[in-house]
Amino acid sequence: MTGPGHLVTRGDRLLDAAADLLVRWGYQRVTVADVAAEAGIGKGTVYLHHRTKEALFLGVLLRIHGAVLLRMAERMERDPAAAMPARAVRELYRELLDDPVTRRIYLGDAEVLGRLAHEASETLGAIAAVRARMGREWFGLLREAGLLRTDQPVDAQLRVFAAVTTGFFFLDGVPTAPGPADPDARADLLADTLRAALELPGTPDRALAARIAHAYRTHAAELDRLT
């Protein structure tokens with residue numbers, strides 16, 4: 001029987017190979033056999049870790065999403081202003097644009113997320129639940145500190161936040177979409193929109209930013225347990 005340490009290493013190789021092929025070929029063209037060959041293992045071995053192609057790429061998505069949350073937490077710990085929604089999403093948007101794997105998964109590739117939503121709705125539902133809890137905790141802390149508007153319920157604000165962010169991300173995959181071509185200008189436009197819709201003047205202190213960062217780390221660990 002293979003030891004646990006070896007299984008983890010092999011699993012990471014599989015996810016690395018799947019992410020690399022996703023960037024090079026796109027989701028539609030990649031097969032489980034392609035990923036196995038890229039990782040240097042037999043096709044049957046892939047199914048010891050992931051029962052379908054969709055489950056394999058869901059693993060890629062979960063690993064990336066957890067890493068993104070941890071990097072956001074690190075930015076908040078370094079600079080409390082990064083805990084505000086507009087600033088957090090501006091920096092996230094630029095990060096996703098600069099990374100070829102996250103750009104494929106998050107920015108405008110409805111094919112990947114659509115297939116995963118259809119084939120792995122239960123797990124994606126669990127991801128959505130984690131994100132919803134994190135959002136309520138994050139916005140709740142900022143509202144208590146007088147840094148977010150309180151003329152709307154927190155769930156309404158989270159709806160606005162999700163709609164604006166998702167819309168900006170999706171439009172990056174639409175060649176005829178209006179708006180500036182420069183990525184920094186688009187990132188500024190996204191931040192300005194969220195700031196006007198949600199925020200009040202001010203910046204979190206370090207203690208508050210640390211609490212929000214801790215929430216991000218907690219939810220990243222929850223996502224890790226879903227893999």
Side-chain angles (χ1 to χ4, degrees), residues 61 65-66 68-97 102 105-108 110 113-114 117 121 124-174 177-180 183-223 226:
L61 173 65
H65 194 58
V68 164
L69 291 181
L70 290 176
R71 287 193 292 272
M72 291 179 73
E74 289 168 2
R75 286 195 287 268
M76 293 172 187
E77 289 164 344
R78 289 195 306 269
D79 180 1
M84 294 296 287
R87 171 75 176 275
V89 172
R90 188 200 186 283
E91 297 192 10
L92 170 65
Y93 178 77
R94 290 303 287 122
E95 177 184 345
L96 299 186
L97 273 179
T102 57
I105 288 185
Y106 282 98
L107 300 181
L113 290 178
S121 58
L124 284 177
I127 296 174
V130 169
R131 293 176 65 181
R133 287 198 303 275
M134 182 186 71
R136 289 190 189 95
E137 184 171 359
W138 179 22
F139 278 32
L141 289 169
L142 291 174
R143 285 164 65 101
E144 289 173 9
L147 295 170
L148 288 191
R149 291 168 50 181
T150 56
D151 55 331
Q152 292 180 328
V154 68
D155 281 349
Q157 289 182 314
L158 287 169
R159 177 82 177 191
V160 170
F161 177 80
V164 170
T165 303
T166 303
F168 268 81
F169 287 6
F170 177 77
L171 283 175
D172 267 40
V174 179
D184 285 320
R186 295 200 304 274
D188 288 339
L189 187 60
L190 171 56
D192 288 345
T193 303
L194 288 175
R195 191 175 296 112
L198 301 171
E199 297 183 5
L200 295 173
T203 302
D205 59 26
R206 289 201 171 273
L208 176 57
R211 289 180 67 189
I212 296 169
H214 177 72
Y216 267 75
R217 292 185 182 281
T218 298
H219 293 303
E222 288 185 71
L223 290 180
L226 294 175

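- Pairs passing the side-chain hydrogen bond (donor to acceptor under 3.5 Å, both in side chains) check and including a residue from residues 189-206, sequence neighbours excluded, read Asp192-Arg195.
- Every pair passing side-chain hydrogen bond (donor to acceptor under 3.5 Å, both in side chains) that includes a residue from residues 156-171 is listed here, sequence neighbours excluded: Arg143-Gln157.
- For the residue pair Leu208 and Ala145, the shortest heavy atom distance occurs at CD2-CB, 3.6 Å.
- Pro204 and Ala209 make their closest contact through CB-N, 4.3 Å (heavy atoms, listed as atom of the first residue, atom of the second, distance).
- For Glu91, the salt bridge (Lys or Arg N to Asp or Glu O under 4.0 Å) criterion is met by Arg75, Arg87, not counting sequence neighbours.
- Shown here are the side chain to side chain donor-acceptor pair (under 3.5 Å) partners of Arg149, two or more places apart in sequence or in another chain: Asp151.
- Applying the side chain to side chain donor-acceptor pair (under 3.5 Å) rule to Arg133 yields the partners Glu222; only residues at least two apart in sequence or on another chain are considered.
- Every residue two or more places apart in sequence or in another chain that forms a salt bridge (Lys or Arg N to Asp or Glu O under 4.0 Å) with Arg186 is listed here: Asp172.
- Enclosure of atom CZ in Arg217 by more than 12 non-hydrogen atoms of other residues, nucleotides or ligands within 6.0 angstrom is indicated.
- Arg71 is linked by a salt bridge (Lys or Arg N to Asp or Glu O under 4.0 Å) to Glu95, counting only residues two or more places apart in sequence or in another chain.
- Remark: Phe161 pairs with Trp138, Phe139 by the ring-ring contact (aromatic ring centres under 6.0 Å, His included) rule, at least two apart or across chains.
- For Ala197, the side-chain contact (heavy atoms from CB on, under 4.5 Å) partners at least two apart in sequence or on another chain are Val160.
- For Arg136, the salt bridge (Lys or Arg N to Asp or Glu O under 4.0 Å) partners at least two apart in sequence or on another chain are Asp155.
- Applying the side-chain contact (heavy atoms from CB on, under 4.5 Å) test to Asp184 and every residue at least two apart in sequence or in another chain returns Arg90, Arg94, Asp182.
- Shown here are the side-chain contact (heavy atoms from CB on, under 4.5 Å) partners of Ala156, two or more places apart in sequence or in another chain: Gln152, Pro153.
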